[in-house]
Amino acid sequence: MKLITAIIREVQLNKVHEELLKANIERITVGRVSGHGQQKREEIYRGMIMAPSLIPKIKIEIAVNDDYVQRTVDAIISGAGTNSVGDGKIFVTNLEECIRIRTEERGEKAI
Ligand SMILES: Nc1ncnc2c1ncn2[C@@H]1O[C@H](COP(=O)(O)OP(=O)(O)OP(=O)(O)O)[C@@H](O)[C@H]1O
Ligand SMILES: [Mg+2]
C-alpha cells in the first residue's frame, strides 16, 4: 500500500478531482495548505530578512493499493499540469497499515 500526497494549485483542484474519478479513484482527502517550492525568495521587510512568501496550495492525500499507484499519479499529473513553475509535486510513501474503523478490516481490503 502507498500513500500518495500531492500538492497542487487551488485552481486545478476540480480538474484533478475529475481526472481521479475518471480513473475510478474515489477515495480522497483534501486540505488547504501553504508553501513554496524552489522559487522561494527572501524578502527584506523593515531592514530584516523575512521568510519567503508562502503561497496557498491544495494538498491531496490518497491511500491506494500498489496496482493503483501509476494510474493515480497519471490522473493527478493530467489534471494538475499547466507546464509552468508552481504546478506542484507528488510524493509516494510506503503505507504500513490501513484500518476501516467500522469493520476493523485491515490492509488492502480496507483501502
Ligand atoms: N521538497 C518539498 N517538500 C515539501 N513541499 C514541497 C516540496 N517541493 C514543493 N513543495 C510544495 O509544493 C508546492 C508546489 O511546488 P512547486 O511546484 O513550486 O515545486 P518546485 O520544486 O518549485 O517546482 P517548479 O520549479 O516546477 O515550480 C509548494 O508550494 C510546496 O507547498
Ligand atoms: Mg516552484
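Numbering of ligands and ligand atoms starts at 1, following listing order.
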Determine whether Leu3 and Val73 fall in the same hydrophobic cluster, where Ile, Leu, Val, Met, Phe, Trp and Tyr are linked whenever their side-chain heavy atoms lie under 4.5 Å apart. no

Is any side-chain heavy atom of Leu13 less than 4.5 Å from a side-chain heavy atom of Ile60? yes

Under a 4.0 angstrom heavy-atom cut-off, which atoms of ligand 1 come close to Asp87? 17 (O)

Which of the listed options, Gly88, Gly37, Pro56, holds the heavy atom that is closest to atom 14 (C) of ligand 1? Gly88

closest protein heavy atom to atom 1 (N) of ligand 1 is Lys89 NZ, 4.1 Å

Logged contact type for Ile55 with ligand 1, heavy-atom cut-off 4.0 Å, is neither

Considering only the protein, which heavy-atom contact is closest to atom 13 (C) of ligand 1, and what is its distance? Ile7 CG2, 3.6 Å

Salt bridge present between Glu19 and Lys22 (N-O < 4.0 angstrom): yes

Is Lys109 close to Arg100 at the side-chain level, that is, under 4.5 Å between some pair of heavy atoms? no

Counting only protein N, O or S atoms and ignoring waters, those under 2.8 Å from the Mg ion (ligand 2) are Gln39 OE1

When you measure from atom 31 (O) of ligand 1 to every protein heavy atom, which one gives the shortest distance, and what is it? Gly35 CA, 3.4 Å

Would you say the side chain of Ile111 lies within less than 4.5 Å of the side chain of Leu95, judging by non-hydrogen atoms? yes

Could you check if a side-chain atom of Lys57 sits within less than 4.5 angstrom of a side-chain atom of Glu10, using non-hydrogen atoms only? no

Would you say CD of Glu104 has more than 12 non-hydrogen atoms from neighbouring residues, nucleotides or ligands within 6.0 angstrom? no

Tell me whether Val16 shares a hydrophobic cluster with Val92, the cluster being built from Ile, Leu, Val, Met, Phe, Trp, Tyr side chains joined at under 4.5 Å. yes

Need the ligand 1 atom indices (1-based, order shown) with element for anything under 4.0 Å from a heavy-atom of Lys57. 29 (O)

Quick test of your reading of the model: are Lys2 and Asp66 salt-bridged, counting only N-O distances below 4.0 Å? no

Which heavy atom of Phe91 sits nearest to which heavy atom of Ile7, and what is that distance? CE1-CG1, 4.1 Å

Considering only protein heavy atoms, which is closest to atom 20 (P) of ligand 1, and at what distance to one decimal place? Gln38 N, 3.7 Å

Atom 5 (N) of ligand 1: nearest protein contact (heavy atom, Å): Phe91 CZ, 4.0 Å

Gly86 to ligand 1: N or O pair under 3.5 Å? yes

Student check: side-chain heavy atoms of Met1 and Val64 closer than 4.5 Å: no

Nearest-contact summary for atom 28 (C) of ligand 1 - protein heavy atom, Å: His36 C, 3.5 Å

